[in-house]
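Below: the structure, in structure tokens.
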Amino acid sequence: QVQLVESGGGLVQPGGSLRLSCAASGSIFSINTMGWYRQAPGKQRELVAHITTGGSTNYADSVKGRFTISKDNAKNTAYLQMNSLKPEDTAVYYCNLQQVTAYRSNNYWGQGTQVTVSS
């Protein structure tokens, strides 16, 4: 059992910044991948960024150069630093954790945090 709790969302002006946090608790394996996804109204949920235990990262093209994902393995916490925010970044942002058991891969999701970029 794993629980993820996001925080840090809110309303910001275009060009502003936010830092999202995701704290994982429960049966967390030492090797896992954490990531951030977002879903805007009427659109599919999409990957924003993910990071492995070893620090390998991947970003959506739309956020490259603006967002930075990081992870504190000891604290099982992931972060998403979002700079130069645009109105099109407005979405509910969800934290995700993936880890593999002997039987299957497991995905866990947070409840989401709203990010609104508007003037």
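- The ring pair (Phe, Tyr, Trp, His ring centres under 6.0 Å) contacts involving residues 49-107 comprise nothing, where partners must be two or more places apart or lie in separate chains.
- Around the CD1 atom of I31, the shell of radius 6.0 Å holds no more than 12 heavy atoms that belong to other residues, nucleotides or ligands.
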Side chain to side chain contact (heavy atoms under 4.5 Å, CB included) evaluation trace for L80 with V48:
CA-CA 9 Å; L80 185 68; V48 176; 4.2 Å; yes

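- We find the NZ-CD1 distance between K71 and I69 to be 8.5 Å, quoted to the nearest 0.5 Å.
- Of all the heavy atoms in L97 and L4, the pair that sits closest is N-CD1, 3.7 Å.
- Partners of Q81 according to the side-chain hydrogen bond (donor to acceptor under 3.5 Å, both in side chains) rule, which considers only residues two or more places apart in sequence or in another chain, are N83.
- A 4.5 Å side-chain heavy-atom check between S70 and R19 finds at least one atom pair inside the cut-off.
- Looking only at side-chain heavy atoms (C-beta outward), N106 and V100 stay at 4.5 Å or farther from each other.
- Sorted by first and then second residue, the disulfide (SG to SG under 2.5 Å) pairs with a member in residues 24-71 form an empty list; sequence neighbours excluded.
- Under the 4.5 Å side-chain heavy-atom criterion for ILVMFWY residues, no single connected hydrophobic cluster contains both V2 and I51.
- In this structure R66 satisfies the salt bridge (Lys or Arg N to Asp or Glu O under 4.0 Å) test together with D89, sequence neighbours excluded.
- Within the 4.5 Å cutoff, the side chain of L20 has heavy atoms near those of the M82 side chain.
- In this view, N96 and Y37, Q98, N107, W109 satisfy the side-chain contact (heavy atoms from CB on, under 4.5 Å) rule, not counting sequence neighbours.
- The heavy-atom pair separating S17 from S84 by the smallest distance is OG-N, 4.3 Å.
- Counting only residues at least two apart or on different chains, the salt bridge (Lys or Arg N to Asp or Glu O under 4.0 Å) pairs with a member in residues 55-65 are D61-K64.
- Residue pairs satisfying the disulfide (SG to SG under 2.5 Å) criterion with at least one member in residues 59-90, sequence neighbours excluded, are absent.
- Taking CG of L11 as the reference point, atom CG of L85 lies at 11.0 Å (rounded to 0.5 Å).
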Donor-acceptor contacts, no H, no angles, side chain residues 112-119, under 3.5 Å, sequence neighbours left out:
{"unit_1": "T113", "atom_1": "OG1", "unit_2": "G9", "atom_2": "N", "d": "3.3"}
{"unit_1": "Q114", "atom_1": "NE2", "unit_2": "A91", "atom_2": "O", "d": "3.4"}
{"unit_1": "Q114", "atom_1": "NE2", "unit_2": "T116", "atom_2": "OG1", "d": "3.3"}

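- Checked by atom type and distance alone, the side chain of T90 never pairs as donor or acceptor with a backbone atom of E88 at under 3.5 Å.
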Would you be so kind as to tabulate the donor-acceptor pairs closer than 3.5 Å made by side chains of residues 21-29, with sequence neighbours excluded?
none

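- Considering CE of M34 and OG1 of T53, their distance stands at 9.5 Å, rounded to 0.5 Å.
- With values rounded to the nearest 0.5 angstrom, T52 atom OG1 is found 10.5 Å from N58 atom CG.
- Applying the salt bridge (Lys or Arg N to Asp or Glu O under 4.0 Å) definition to pairs two or more places apart or across chains, those involving residues 42-60 are R38-E46.
- Proximity of Q3 to Y108: side-chain heavy atoms (C-beta onward) are nowhere separated by under 4.5 Å.
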